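Every value quoted in this text rests on a predicted model; they were computed, and no experiment measured them. Letters go in sequence order (proteins before strands), and every chain restarts at 1.
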Amino acid sequence: MTEYSSLEKIRLEKIEQLKAEGINPFPHRSQRTHISLQAIAALEAAEKKASPGVSPEEVTATLAGRIRAMRPMGKLTFAHIEDGDGRIQIFLRINELGQERVDFFNNKLDLGDFVQASGSMMRTRAGEPTLLVRDFSILAKAVSPLPAAKDETLEDGSVIRHAALEDSELRARQRYADLAVNPDVRKVFRTRSAIIRFLREFLDEHDFLEVETPILQPIYGGAAAKPFVTYHNQLKQNLFLRISFELYLKRLLVGNLERVYEIGRDFRNEGVSFKHNPEFTQLEFYWAYADYLKVMELTEQMIAYVATQVLGKTKFTYQGMELDFTPPWKRLELRQGLLDVTGIDIASHPTSASLLDALKKMNKTPDPKSTRGKLIDFMLSEFLEPTLIQPTFLYDYPRDISPLAKSKANDPMTVERFEGYVAGFELCNAFTELNDPLDQESRFLEMGRDYSQDDEEKHPMDEDYLRAMRYGMPPNGGFGMGVDRLVMLMTDKHNIRDILLFPHLRSEEQNS
RNA sequence: GGGCGAGUAGCUCAAUGGUAGAGCAGCGGCCUUUUAAGCCGUUGGUUGAGGGUUCGAAUCCCUCCUCGCUCACCA
């Protein structure tokens, strides 16, 4: 049974009073004719058209929205209502409505209620576009008061937010309330939507086919991560929530779909942090007859396209860093990058023992049981990654941490793979895809041999994937990107929770 | 999982061992161009939960919960 606060009890009483007067506090329909921006635009157009000294043609409108501010002054009331796109002032006066209706507005309606108001557009003494109300009605009563937020607009137009909802947990848990009171938050999610829309648009225009592949998979693969496990009752079968789309998308290349992509949710059963949510949005594409160098070019074009469409520019600031996404991005061979920051040339250390020995002079030491590839990965994340601020493609990776990538023709221990880094973190990952079924099978076997059972780097053998590859897979380049990271960059948010509508949080029941 | 910090009214925050407070929101008044409207009055609390020390705990101690930062883990 819901327990109501004293504030809510007062509002519940008002609902009963409305019902007693024959007024439905939750009517079925609204007669809105204008959103706030349209009404203001219509007023401005009429003012422009009017001849000097003549009052402009009357603009009538029915507006609808949530009451966000109320300033009752006895015989008149000013209020602001907010709709999806903005705020507009409405003005109620006994001259038009009579004392009884003005009192009704002041006494029976509350902040947060949805109302509609009809009348004509005017300007107040202060010049603010305002609806002079001739009729109004309630559209939906709010039982609970919104977490308060008041805006003060200064002379210079800047807005100070008073009593804003700031508790980050509450904002994430009750995103609906956060969105209702914080217009900036609505803007972040509009931007997120636009980023995804323009990613699609870019790939569609480059003849990529958007496809949907299974989220519930009998064998997981395509990435190094722990999966979530679930169970199909009737089939009596364990299923995994996918950790990547890779193996399914590449099956489609076997089927002569030459350019495919998917934007969807991946699930990884790992730690939660400011840049990790258990489910996150991933973009992957696979491109037949391309290699990782062509993918690199397409990547920088794609990001620049999205930035231009969404932000109107390819240079923008993230957490105080001025980032320039204008193609071409910097290209840096992983070996060279590591040599620059550590003085160690991985090419002169062909074994893990030798490389581990060289690493002993560094101030941070890796897990001594690591394979050579894992040692290189350690060097990358510890010493090189934090230095990569401007968009940079790091390329040519060790083979044993890249079991699905194709080796370089002249160097079997190195694969054609690149990762895009920006602002000190990884944005995307791509390679010339391994399409030799015999090589792929031996890679799977290698993983089984060199990595312990619980190692996330270990990929389970996927027999059906090998069967598909044996029918022949065209040479191709593949690409994967964490869309949430891109959204963080373009909205200048440091925490992934700020760009997920409903980030993962512990259940409220667990609290005490 | 480790370290540090935080949790007080619907919201934003005070109160450092001695009667739990302010602003906003709410409620009752006054007010015909306000805009964080203003003025007068007023309601509202298991101080995250539990235990302990003390004559007395929001405050000190212990345990737990949640959140944030950070380290570890982690494409």
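In this entry the distance linking CE of A:Met70 with P of B:A36 reads 17 Å, nearest Å. As rounded to whole Å, 22 Å separates atom P of B:C74 from atom CD of A:Glu279. We find that NE2 of A:His494 is positioned 5 Å from P of B:U70, with the value rounded to whole Å. Across the protein-nucleic acid pair, A:Arg497 atom CZ and B:C69 atom P stand 8 Å apart, rounded to whole Å. Per the geometry, NZ belonging to A:Lys275 stands 17 Å off C1' belonging to B:G68, to the nearest Å. Going from atom CG of A:Leu505 over to atom C1' of B:U66 covers 10 Å, rounded to whole Å. Rounded to whole angstrom, the span from the CD atom of A:Glu419 across to the P atom of B:C74 amounts to 15 Å. Computed from coordinates, the A:Glu169 CD to B:C65 P distance equals 14 Å when rounded to whole Å.
A perpendicular orientation is assigned to the rings of A:Phe444 and A:Tyr465, their planes being inclined by more than 60° (bins at 30° and 60°). Using the six-membered ring where Trp is involved, A:Phe393 and A:Phe418 have ring planes that are perpendicular, over 60° apart on the 30 and 60° scheme.
Nucleotides B:G38 and B:U32 place their C1' atoms 15 Å apart, quoted to the nearest Å. One C1' atom belongs to B:U47, the other to B:G17, and the distance between them is 15 Å to the nearest Å. Across B:G5 and B:G48, the matching C1' atoms stand 16 Å from one another, rounded to whole Å. The separation of B:A15 from B:A22, taken at their C1' atoms, amounts to 11 Å, rounded to a whole angstrom. Across the P atoms, B:U46 and B:C11 are found 13 Å apart, a figure rounded to whole Å. Only the C1' atoms considered, B:U43 is 16 Å distant from B:G23, to the nearest whole Å. When the C1' atom is compared between B:A14 and B:U54, the two are found 25 Å apart, to the nearest whole Å. Rounded to whole Å, the P atom of B:U35 lies 39 Å from the corresponding atom of B:G68.
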For residues 178-187 of chain A, run the donor-acceptor check on the side chains, cut-off 3.5 Å, and write out each pair with its distance to 0.1 Å, sequence neighbours left out.
unit_1: A:Asp178; atom_1: OD1; unit_2: A:Arg171; atom_2: NE; d: 2.9
unit_1: A:Asp178; atom_1: OD1; unit_2: A:Asn182; atom_2: ND2; d: 2.7
unit_1: A:Asp178; atom_1: OD2; unit_2: A:Arg171; atom_2: NE; d: 3.3
unit_1: A:Asp178; atom_1: OD2; unit_2: A:Arg171; atom_2: NH2; d: 3.4
unit_1: A:Asp178; atom_1: OD2; unit_2: A:Arg175; atom_2: NH1; d: 2.8
unit_1: A:Asn182; atom_1: OD1; unit_2: A:Arg161; atom_2: NH1; d: 2.9
unit_1: A:Arg186; atom_1: NH1; unit_2: A:Leu179; atom_2: O; d: 2.7
unit_1: A:Arg186; atom_1: NH2; unit_2: A:Glu82; atom_2: OE1; d: 3.4

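Cation-pi check for A:Arg192 over A:Phe189 is not met; the charged atom does not lie both under 6.0 angstrom from the ring centroid and within 45 degrees of its normal. Taking the ring axis of A:Phe136 as reference, the NZ or CZ atom of A:Arg101 stays within 45° of it and closer than 6.0 Å to the ring centre.
Under the 4.0 Å criterion applied to side-chain N and carboxylate O atoms, A:Lys141 and A:Asp110 are assigned as salt-bridge partners. For A:Asp462 and A:Arg251, the salt-bridge test passes: some basic side-chain N is under 4.0 Å from an acidic carboxylate O. With salt bridges taken as basic N to acidic carboxylate O contacts below 4.0 Å, one links A:Arg134 and A:Glu58. Residues A:Glu128 and A:Arg87 are not paired through a salt bridge, judged by the lack of any N-O separation under 4.0 Å between the basic side chain and the carboxylate.
The shortest side-chain heavy-atom distance between A:Ile88 and A:Ile81 falls under the 4.5 Å cut-off. Two residues are said to be in side-chain contact when any heavy atoms from C-beta on lie closer than 4.5 Å; A:Ser244 and A:Glu284 meet this criterion. In this structure the side chain of A:Arg68 reaches within 4.5 angstrom of the side chain of A:Leu146, judged on heavy atoms. Residues A:Lys250 and A:Leu404 have side chains in contact (heavy-atom distance under 4.5 Å, counting atoms from C-beta outward). A:Gln390 places none of its side-chain heavy atoms less than 4.5 Å from the side chain of A:Trp329.
Sparse packing is recorded around CD of A:Glu57, with 12 or fewer heavy atoms of other residues, nucleotides or ligands lying under 6.0 Å away. Within 6.0 Å of the CD atom in A:Glu21, the count of heavy atoms belonging to other residues, nucleotides or ligands exceeds 12.
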Let me have RNA chain B in dot-bracket notation, would you? Count Watson-Crick plus G-U wobble pairs, both distances under 3.5 Å, and use [ ] for pairs crossing earlier ones and | for inter-strand partners. (((((((..((((....[..)))).(((((.......))))).....(((((..]....))))))))))))....
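For A:Ser168, taking side-chain heavy atoms from C-beta onward, the closest of the listed nucleotides B:G68, B:C74, B:C27 is B:G68.
In this structure, A:Arg171 reaches neither bases nor backbone, as no heavy-atom distance under 4.0 Å exists between it and the strands shown. Contact annotation for A:Lys14: backbone-only contact, meaning every heavy-atom pair under 4.0 Å involves sugar-phosphate atoms and none involves a base.
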Interface polar pairs with nucleotides 42-44 of chain B, N/O, under 3.5 angstrom:
none

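Screening A:Glu416, A:Lys408, A:Lys406 for a side-chain hydrogen bond (donor to acceptor under 3.5 Å, both in side chains) involving A:Thr432 leaves a single residue, A:Glu416.
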Let me see the working for A:Asp396 and A:Thr414 under side chain to side chain donor-acceptor pair (under 3.5 Å), right down to the final yes or no. CA-CA 6 Å; A:Asp396 290 355; A:Thr414 304; over 6 Å; no
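Residue order along RNA chain B, read from the 5' end via each residue's closest nucleotide, puts A:Arg11 first among A:Asp151 and A:Arg11.
A sub-4.0 Å separation between OP1 or OP2 of B:A37 and a side-chain N or O of A:Lys150 is present.
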Per-nucleotide protein contact string for nucleotides 28-34 of chain B, where B marks a base within reach and S marks sugar-phosphate only (heavy atoms under 4.0 Å, - for neither): ---BBBB
What one-letter contact string describes nucleotides 8-14 of chain B from 5' to 3', where B marks a base within less than 4.0 Å of any protein heavy atom, S marks contact via sugar-phosphate atoms alone, and - marks no contact? --BBSS-
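Interface residues of residues 387-399 of chain A facing RNA chain B, ordered by number: none; criterion, heavy-atom separation under 4.0 Å.
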